[in-house]
Amino acid sequence: MAYLFPEDLIEEIRVNNDIVDVISEYVKLDKKGKNYFGRCPFHNEKTASFSVEPVKQIFNCFGCGKGGNVIHFIMGIENLDFPEALKLLAERAKIPIPETDTGVQDDAKARLKKELLEINIETARFFHNNLMNGNNKVPLAYLLDRRIERQTIIKFGLGYAVDSFDTLYRHLKSKGHSEKSIISSGLVIFKEETKKIYDRFRGRIMFPIFDIRGNVIAFGGRVMDSSQPKYMNSPETEVYHKGKHLYAMNFAKNACAKQIILAEGYMDVISLHQSGIINAVAPLGTALTENQGKLLKKYTEEIVLSFDSDNAGQAAALRGLDLLNEIGCNVKVLTLPSGKDPDEFIKTRGVDEFRRIVSKARNLVDFKLDLLDNKIDTTTNDGKVKFIDNAMVILDKIDNNVERELYVTKLSREIGVSEQSIYSELAKRQQRKDKAGIRQTRDTGLVKKNSVKRERRAETTEERLNKLELMLLSTICIENNVYFQIKDSIKLENIKSSEIRQAFSFAIERIENKSGILTGEILNKLSPALAESFANIIQSQSVFEDNRKAALDILKRMNLIGLEARKDEIIELKKRSDLTEGDVELLNRELSSIVLNIAVMKKGL
């Protein structure tokens with residue numbers, strides 16, 4: 001671990017971040033009984049298998065197996081390591097973390113990330129000052145001519161990179177930043193052949209890119225003329241991964257809107273925000289990614305894609321629609337008339353008209369059917385057949401029977417084909433899929449059978465023991481008094497996993513000191529992998545009517561695994577050629593005793 005934290009500080013941070021409150025910022029949760037449920041943010045699903053238990057302060061997904069406490073959740077959802085997640089939660093709870101020898105200890109990677117963020121914020125200030133106070137007045141005039149107000153320029157931290165060789169590099173050096181770190185920031189380019197360093201961005205309007213917490217992580221630069229490339233973005237760095245972030249998401253997430261508009265570019269988003277539509281974001285110069293889709297899903301119920309009406313824009317919309325739909329998002333498409341983008345549309349038609357068109361955005365099926373209708377001439381019989389054949393692919397993906405029936409009725413009326421014929425084609429398509437599935441099962445049956453065997457063989461004695469050790473630990477966490485009832489049967493030296501053994505020691509110490517132990521506290525002691533297993537066990541496997549009886553049963557199973565391991569060991573020892581008759585006799589006696597004990601224990605179980 002890159003950082004060391006006092007145990008009481010970790011627990012203070014965990015306790016002051018209620019798991020339901022924290023997860024609700026990322027996942028829409030519904031209360032059912034004593035627990036909360038929602039769609040898992042860690043894998044694609046359309047039904048809620050993600051459970052949050054407020055009493056035990058743990059989460060668990062019954063679909064993908066992810067689980068743990070609030071710290072593990074933040075680690076997974078924000079792609080952070082333990083110390084970074086702890087710092088985020090500490091900031092959320094306004095708990096100071098001491099930068100001392102006994103508090104946080106930086107490593108090289110953490111120091112680099114910290115310096116890169118410092119370099120980026122200094123660069124943002126430098127660019128902004130160039131724009132607002134620099135000798136070149138053209139960039140500011142360019143933005144004002146495009147009706148970008150000064151207040152908006154300040155809000156988004158817009159700036160200007162002067163058209164010179166290494167002005168930014170020299171500025172960052174003067175602020176004490178190392179050459180190595182400046183190069184790592186991606187703001188400059190190092191030429192190996194000449195050993196020269198020059199600024200990446202020159203003569204461009206600059207757009208700082210923020211992460212969800214408001215840190216400047218990268219930049220986008222736009223030319224003010226027709227030169228190419230029109231836009232240029234920072235390369236990926238230790239603090240910037242373009243497929244994981246969205247432009248202006250740091251502002252949009254605070255809108256608390258049930259809908260987020262996904263526009264194409266920075267200027268579209270800025271224009272929308274300036275017009276009061278602050279629930280707008282944009283990808284970062286790439287096609288929409290799954291990570292960006294999941295980020296959107298965390299903060300809204302519906303996503304409206306606003307792309308150009310040209311072929312490239314429609315293709316981008318289709319890709320985005322399919323991706324978001326697979327993730328489980330409710331998506332719609334906004335097509336602006338006359339090929340205008342949101343920035344141009346609002347300036348010519350006004351924000352109220354834009355809001356009206358947004359309210360009439362089409363859903364996934366309507367958008368795809370309209371595109372199909374525009375491509376195929378349905379006035380001819382051949383065209384109708386071709387249209388219906390292509391439409392079956394779209395209708396086949398509709399899960400809701402009522403929704404599918406409505407579209408079948410609509411198509412029947414518009415194309416002039418009976419509903420029965422359309423249903424017949426859907427049935428044929430399903431039959432082909434079923435047959436293909438049967439063939440695939442036959443072709444891969446042997447592989448599947450062997451893969452199951454491999455999975456069974458893969459569960460080693462150590463893994464079986466780990467599960468049982470975690471189950472035993474869960475019984476005393478759920479009901480602390482159980483420890484005193486089974487105390488004499490627990491031998492810490494027999495706990496094979498050192499990590500689980502340490503967690504046991506911590507739990508026992510707390511219980512014996514009358515402090516008590518909670519499952520959330522134990523999760524702090526476990527690695528993410530074991531924490532997931534423990535959370536899964538707590539929620540799905542440790543529902544016992546009698547925790548004492550369950551604990552004793554688990555102890556027996558653990559002892560049984562130990563005996564079976566020793567039995568196998570003796571059998572292997574007996575194969576040695578250097579054993580004396582006395583050695584063999586002793587091994588035989590021990591083996592007989594073990595076999596008898598195993599038989600008795602299995603009968604009892």
Side-chain angles (χ1 to χ4, degrees), residues 1-26 42 52-60 66-107 109-111 113-114 212-213 466 469-470 473-474 476-478 480 483 492 495 497-539:
M1 186 176 289
Y3 297 71
L4 296 174
F5 296 94
E7 293 294 342
D8 57 346
L9 177 61
I10 295 174
E11 186 55 15
E12 181 186 1
I13 293 170
R14 186 190 69 80
V15 168
N16 281 279
N17 283 278
D18 180 77
I19 195 165
V20 175
D21 292 343
V22 172
I23 293 181
S24 292
E25 295 176 7
Y26 299 84
F42 300 112
V52 183
E53 190 163 348
V55 175
K56 295 169 185 165
Q57 287 289 296
I58 61 174
F59 76 93
N60 178 58
K66 279 278 189 182
N69 62 15
V70 68
I71 301 171
H72 297 105
F73 177 82
I74 290 295
M75 288 171 68
I77 203 74
E78 294 284 1
N79 193 28
L80 302 175
D81 57 22
F82 183 87
E84 289 172 333
L86 208 61
K87 288 179 76 176
L88 187 153
L89 289 170
E91 289 172 9
R92 183 181 183 276
K94 295 180 172 57
I95 298 172
I97 293 182
E99 299 278 347
T100 65
D101 291 340
T102 56
V104 182
Q105 299 179 357
D106 286 321
D107 62 5
K109 187 175 180 180
R111 286 195 300 271
K113 284 185 176 181
K114 183 179 179 182
I212 203 76
R213 296 185 294 280
N466 279 354
E469 288 165 357
L470 289 173
L473 183 56
S474 74
I476 67 173
C477 286
I478 293 170
N480 289 180
Y483 165 70
L492 284 179
I495 304 293
S497 166
S498 60
E499 193 178 338
I500 299 174
R501 187 163 59 247
Q502 289 173 4
F504 255 108
S505 297
F506 176 70
I508 289 169
E509 181 183 351
R510 292 292 298 271
I511 293 171
E512 289 191 336
N513 289 338
K514 310 297 182 186
S515 301
I517 187 70
L518 300 171
T519 53
E521 294 174 277
I522 285 294
L523 287 164
N524 292 338
K525 296 290 183 180
L526 300 173
S527 65
L530 282 179
E532 284 183 9
S533 297
F534 189 61
N536 181 266
I537 285 168
I538 287 287
Q539 285 205 310

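- Residues passing the salt bridge (Lys or Arg N to Asp or Glu O under 4.0 Å) test with Glu53, sequence neighbours excluded: Lys34, Lys56.
- For the pair Arg501 and Leu492, the tightest heavy-atom approach, listed with the atom from each and the gap, is CD-O, 3.0 Å.
- Here Lys525 pairs with Glu7, Ala503, Phe506 under the side-chain contact (heavy atoms from CB on, under 4.5 Å) rule; sequence neighbours left out.
- For the atom pair CE of Met75 and CG of Leu88, the computed distance is 12.5 Å after rounding to the nearest 0.5 Å.
- Here Asn466 pairs with nothing under the side-chain hydrogen bond (donor to acceptor under 3.5 Å, both in side chains) rule; sequence neighbours left out.
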Next item on the list: Carefully, step by step, assess Ser497 and Glu469 under the rule side chain to side chain donor-acceptor pair (under 3.5 Å).
Entry: CA-CA 8 Å; Ser497 166; Glu469 288 165 357; 4.9 Å; no

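- With sequence neighbours left out, Val15 forms a side-chain contact (heavy atoms from CB on, under 4.5 Å) with Glu11.
- Ile58 CD1 to His72 NE2: the interatomic distance, rounded to the nearest 0.5 Å, is 11.5 Å.
- Annotation for Asn69 and Arg14: closest pair ND2-CD, 3.7 Å, computed over non-hydrogen atoms.
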Check: Does the pair Ile74 and Tyr26 meet the rule for a side-chain contact (heavy atoms from CB on, under 4.5 Å), with working shown?
Finding: CA-CA 10 Å; Ile74 290 295; Tyr26 299 84; 3.7 Å; yes

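- In terms of heavy-atom proximity, Ser24 sits nearest to Val20 at OG-O, 2.6 Å.
- Side-chain contact between Ile476 and Phe504 is present, with heavy atoms from C-beta onward closer than 4.5 Å.
- Heavy atoms only, all atoms of each residue included: Phe59 and Ala535 are closest at O-CB, 3.6 Å.
- To the nearest 0.5 Å, atom CD1 of residue Ile23 and atom CD1 of residue Ile77 are 8.5 Å apart.
- Gln57 and Asn17 get closest at one heavy-atom pair: OE1-O, 4.0 Å.
- Arg92 is listed as a side-chain neighbour of Asp21, based on a closest heavy-atom distance under 4.5 Å.
- Heavy-atom minimum distance, Ile522 versus Cys477: CG1-SG, 3.4 Å.
- Listed by chain and residue number, Phe73 satisfy the ring-ring contact (aromatic ring centres under 6.0 Å, His included) test with Phe42 (two or more places apart in sequence, or in another chain).
- Residues meeting the side-chain hydrogen bond (donor to acceptor under 3.5 Å, both in side chains) test with Asn16, sequence neighbours left out: none.
- Evaluated for a side chain to side chain contact (heavy atoms under 4.5 Å, CB included) with Leu89, the options Ile10, Ile95, Val70, Leu80 yield exactly one hit, Val70.
- For the atom pair Asn60 CG and Ser533 OG, the distance stands at 10.0 Å (nearest 0.5 Å).
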